Amino acid sequence: MLNSRALAYLSEVMRRGSLRQAATYLNIDVAAISRQIRQLEEVVDAQVMERHAGGVRLTEAGRLLVEHFHAQHDAESAVISRLSALQGLVSGQVRIAVGEGFIADLISAPMQTFMTAYPGIQLEVIMAGVNEAMALIKQRDVDLALLYAPPVDTQLDCHVETRQPLDLIVPAGHPLTAMDAPVTLQALSDWPIGLMDSPFGMRQMVDTVAHQERLAMSARLHTNSVAVLKNFVRSGIGITFMPELTVAEEIRQGDIAVLPMAYPVLSEARAQIVSLAGRELTVAASACLDHLRRGMRFFNADAPRLLESRC
């Protein structure tokens, strides 16, 4: 019989990279973790981890045991959530990783309707760029992640996907709005550009196009804040790149204009809601997913200008 405590310790060692860091996080003695893991190795008659210069890493046997531990934990959580559903889904927790560009859309209605419909369910919303959000999913630190322009990853299950091009965002009345064709990067050299930092999907897409065009993007402003970039454009200081829906309110107020870019990789950008492949969602997480799919403009349809072009 496998010791669940030993498996939990082994899982934490894998996540933290060393016994000492795992012990610090769990607030227990390193010797206790080491003792439990030695006993686990005796039970399975195999080495479960090996030391290297930076700490420890799991052997193939260790990875199999950690995968078994997570699968067992997920199955128990799913059963408990279904039992809760029999009581009318009165309790539970849903953890979501969200890029800042989605926040206004999330808070405008879906979060409120979900919390009203299920007052006993707690929501935890974690702000994260696309790289961090994908890591949080894989570490099981969140149940769902809202991603913009993520790379293909077989470890993730995509539940919803819509087309949300990465557009050029300029102040209303900007000279570039007079162009009658999609904009190229070469046409932007005369204006200050603001860019998100590299962990964000928006920045990674711009870097991809710049590399393809053999251009060095020289940004006047680097930030990890969508709000800062919005104000950078709205104040007339410069221009940037964002999905149309991220600046929907500013467009409605007449402060900002959106221009399509001349690159398929940007016009085909996708927004996705994902979870960890093979991990069964709890009833609460499934209910939340349905609310996000129906209530968020990012996920119930493609970008507004794409819908208008089909009419």
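In this text, all values refer to a predicted model and were calculated from it rather than measured experimentally.
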**Q.** CD-CG distance between Gln212 and Asp207, expressed to the nearest 0.5 angstrom
**A.** 11.0 Å
Q) Among all residues two or more places apart in sequence or in another chain, which pass the salt bridge (charged side-chain N to carboxylate O under 4.0 Å, His left out) test with Glu42? A) none
Q: Indicate yes or no for a side-chain donor-acceptor contact from Asn300 to the backbone of Arg294 under 3.5 Å, with no hydrogens or angles considered.
A: yes
Q. Is a side-chain donor or acceptor of Ser34 paired with a backbone partner of Ala31 at a separation under 3.5 angstrom?
A. no
Q.
Regarding Glu100 and Asn224, do their side chains bring together a donor and an acceptor under 3.5 Å, going by distance alone?
A. no
Q) Is there a donor-acceptor contact under 3.5 Å from the side chain of Glu244 to the main chain of Val258? A) no
**Q.** Any donor-acceptor pair under 3.5 Å from Lys230 side chain to Thr246 backbone
**A.** yes
(Q) Strictly distance-based, threshold 3.5 Å: is any side-chain N or O of Gln47 a donor or acceptor partner for the main-chain N or O of Ala61? (A) no
Q | Arg15/Asp141 ion pair, N-O < 4.0 Å | A | yes
Q: Taking Asp302 for its side chain and Arg163 for its backbone only, find out whether a donor-acceptor pair lies under 3.5 Å.
A: yes
(Q) Rounded at 0.5 Å granularity, tell me how far CD in Gln204 sits from CG in Asn131. (A) 4.5 Å
Q | Any donor-acceptor pair under 3.5 Å from Tyr148 side chain to Leu166 backbone | A | yes
Q. Do Arg293 and Phe299 meet the cation-pi criteria used here (NZ or CZ under 6.0 Å from the six-membered ring centre, within 45° of the axis)?
A. no
Q: Say whether, by atom type as modelled, one donor and one acceptor occur between the side chain of Glu41 and the main chain of Val48 under 3.5 angstrom.
A: yes
(Q) Any side-chain to backbone donor/acceptor pair from Tyr263 onto Val183? Under 3.5 Å, distance only. (A) no
Q | Rounded distance (nearest 0.5 Å) linking atom CG of Asn231 with atom CG of Asp255 | A | 10.0 Å
Q. How far does CD of Glu250 sit from CE of Met242, to the nearest 0.5 angstrom?
A. 8.5 Å
Q) Can you check whether Arg95's main-chain N or O pairs, donor with acceptor, with Asp143's side chain at less than 3.5 Å? A) yes
Q. With no hydrogens and no angle check, do the side chains of Glu213 and Gln186 hold a donor and an acceptor under 3.5 Å apart?
A. yes
